[in-house]
**Q** 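Just dropping this structure here.
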Amino acid sequence: VQLQASGGGLVQAGGSLRLSCAASGRTFSNYGMGWFRQAPGKEREFVAAISRLGSSTHYANSVKGRFTISRDNAKNTVYLQMNSLKPEDTAVYYCAATGAWTIAGDEYDYWGQGTQVTISS
């Protein structure tokens, strides 16, 4: 699976962004999808995950209630709607695909290139 993330940018605190991740190469609906992020000097962390058909989602506590993950299997795309953004959300955001249902980054097989999200205070 090839993954292409987009939608990052610079916004003020309290603003919103929607990230997209377009998949190609294999049957998209066979994969659970996740979003991860990595801030400068910090380890990569889990943000959100969605099951193959979109029936189940899971969020990190730090984004719960502010971020929404969704997918459109007809368009081979997963989204991350980010609202009420905070400066601590600043990071490179990565989408990833897994054959499992997991939030563990090590169990994701395919990764996109990342998109920068910067939140100014």
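This structure is a prediction, so every number in the text was calculated from the model and none was measured.
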**Q** Linking I/L/V/M/F/W/Y whenever their side-chain heavy atoms sit closer than 4.5 Å, directly or via other members, would W35 and F67 fall into one cluster?
**A**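 They do share one cluster, since a chain of ILVMFWY contacts under 4.5 Å joins W35 to F67.
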**Q** Sequence neighbours left out, what passes side-chain contact (heavy atoms from CB on, under 4.5 Å) with A49? Give chain and number order.
**A**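 By the side-chain contact (heavy atoms from CB on, under 4.5 Å) rule, A49 matches F46, W101, Y108.
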**Q** Applying salt bridge (Lys or Arg N to Asp or Glu O under 4.0 Å), can you list everything that pairs with R66, at least two apart in sequence or on another chain?
**A**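 If we apply the salt bridge (Lys or Arg N to Asp or Glu O under 4.0 Å) test to R66, skipping adjacent residues, the hits are D89.
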**Q** Under a 4.5 Å side-chain heavy-atom rule over Ile, Leu, Val, Met, Phe, Trp and Tyr, are Y59 and I119 clustered together?
**A**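 Yes, because Y59 and I119 connect within a single hydrophobic cluster, where side-chain heavy atoms sit under 4.5 Å apart.
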**Q** Check the side chains of T77 and D72 for a donor-acceptor pair under 3.5 angstrom, ignoring hydrogens and angles.
**A**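 Note: D72 and T77 side chains miss the donor-acceptor criterion.
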**Q** Between the main-chain N or O of S56 and the side-chain N or O of S51, is there a donor-acceptor pair closer than 3.5 Å?
**A**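 Side chain of S51 to backbone of S56: a pair is present.
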**Q** Check S121 against A13 and note the closest heavy-atom contact, atom names and distance.
**A**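 Taking S121 first and A13 second, the nearest heavy atoms are CA-CB, 4.4 Å.
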**Q** Of all heavy-atom pairs between A23 and L3, which one has the smallest distance, and what is that distance?
**A**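 Result for this residue pair: CB-CD2, 3.6 Å.
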**Q** Looking at residues at least two apart in the chain, or sitting in another chain, which of them share a salt bridge (Lys or Arg N to Asp or Glu O under 4.0 Å) with R44?
**A**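 Testing R44 for salt bridge (Lys or Arg N to Asp or Glu O under 4.0 Å), a comparison that skips the adjacent residues, returns D106.
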**Q** Any chance you could measure L17, atom CG, to Y93, atom OH, to the nearest 0.5 Å?
**A**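 Reported to 0.5 Å precision, the distance equals 9.0 Å.
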**Q** Just how far is it from atom CD1 of I50 to atom NE2 of H58, taken to the nearest 0.5 Å?
**A**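 I50 atom CD1 to H58 atom NE2 measures 13.5 Å (nearest 0.5 Å).
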**Q** Quick one: list whatever passes ring pair (Phe, Tyr, Trp, His ring centres under 6.0 Å) with Y31, sequence neighbours left out.
**A**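 Y110.
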**Q** Is a donor on one side and an acceptor on the other found under 3.5 Å between the side chain of R71 and the backbone of F28?
**A**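 Between the backbone of F28 and the side chain of R71 there is a qualifying donor-acceptor contact (under 3.5 Å).
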**Q** For the atom pair NZ (K75) and OG (S20), what is the distance rounded to the nearest 0.5 Å?
**A**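 Those atoms lie 9.5 Å apart.
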**Q** Can you check whether A104's main-chain N or O pairs, donor with acceptor, with T102's side chain at less than 3.5 Å?
**A**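 Yes: the side chain of T102 pairs with the backbone of A104.
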**Q** Rest of the hydrophobic cluster containing L53 (Ile/Leu/Val/Met/Phe/Trp/Tyr, side-chain heavy atoms under 4.5 Å)?
**A**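 Hydrophobic cluster check, L53: no partners found.
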**Q** Return the set of residues passing salt bridge (Lys or Arg N to Asp or Glu O under 4.0 Å) with E45 (not counting sequence neighbours), or none when no residue passes.
**A**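 Once residues adjacent in sequence are excluded, the partners of E45 under the salt bridge (Lys or Arg N to Asp or Glu O under 4.0 Å) criterion are R37.
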**Q** To the nearest 0.5 Å, what is the distance between CE on M33 and SG on C95?
**A**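 Answer rounded to 0.5 Å: 5.0 Å.
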**Q** Return the orientation label for the W111 and Y94 ring planes: parallel under 30°, perpendicular over 60°, tilted otherwise.
**A**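 Aromatic pair W111/Y94 classed perpendicular.
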**Q** Just by distance, do the side chain of Q81 and the backbone of I69 share a donor-acceptor pair under 3.5 Å?
**A**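 No, because the side chain of Q81 does not come within donor-acceptor range (under 3.5 Å) of the backbone of I69.
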**Q** Are F36 and V78 in one and the same hydrophobic cluster, where Ile, Leu, Val, Met, Phe, Trp and Tyr link if side-chain heavy atoms are under 4.5 Å apart?
**A**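 Different hydrophobic clusters.
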**Q** For N73 and R52, indicate whether the former's side chain and the latter's backbone hold a donor-acceptor pair under 3.5 Å.
**A**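 Yes; at least one donor-acceptor contact below 3.5 Å.
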**Q** Can you see whether T90 engages E88 through a side-chain donor-acceptor pair at a distance of less than 3.5 angstrom?
**A**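 No, no side-chain donor-acceptor contact under 3.5 Å.
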**Q** Identify whether V117 and V11 are in the same connected component of the hydrophobic contact network (ILVMFWY, side-chain heavy atoms under 4.5 Å).
**A**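 Per the 4.5 Å side-chain linkage, V117 and V11 are co-clustered.
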**Q** Roughly how far, to the nearest 0.5 Å, is the OG atom of S6 from the CZ atom of R18?
**A**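 Here the interatomic distance stands at 9.0 Å.
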**Q** Any side-chain heavy-atom pair from T68 and L80 closer than 4.5 angstrom?
**A**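 In short, these two side chains do not touch, never coming nearer than 4.5 Å.
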**Q** What heavy-atom pair brings T115 and A5 nearest, and what distance separates the two atoms?
**A**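 Closest approach of T115 to A5, heavy atoms only: CG2-CB, 4.2 Å.
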**Q** Should M82 and V47 be regarded as members of a common hydrophobic cluster, given that ILVMFWY residues are connected when their side-chain heavy atoms come within less than 4.5 Å of each other, either directly or indirectly?
**A**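 Yes; tracing contacts between hydrophobic side chains, which count when under 4.5 Å, links both residues.
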**Q** How far does OG of S24 sit from CG of N76, to the nearest 0.5 angstrom?
**A**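 It comes to 8.0 Å.
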**Q** Taking atom NZ as the centre, does K42 end up with more than 12 heavy-atom neighbours from other residues, nucleotides or ligands that are less than 6.0 angstrom away?
**A**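 No.
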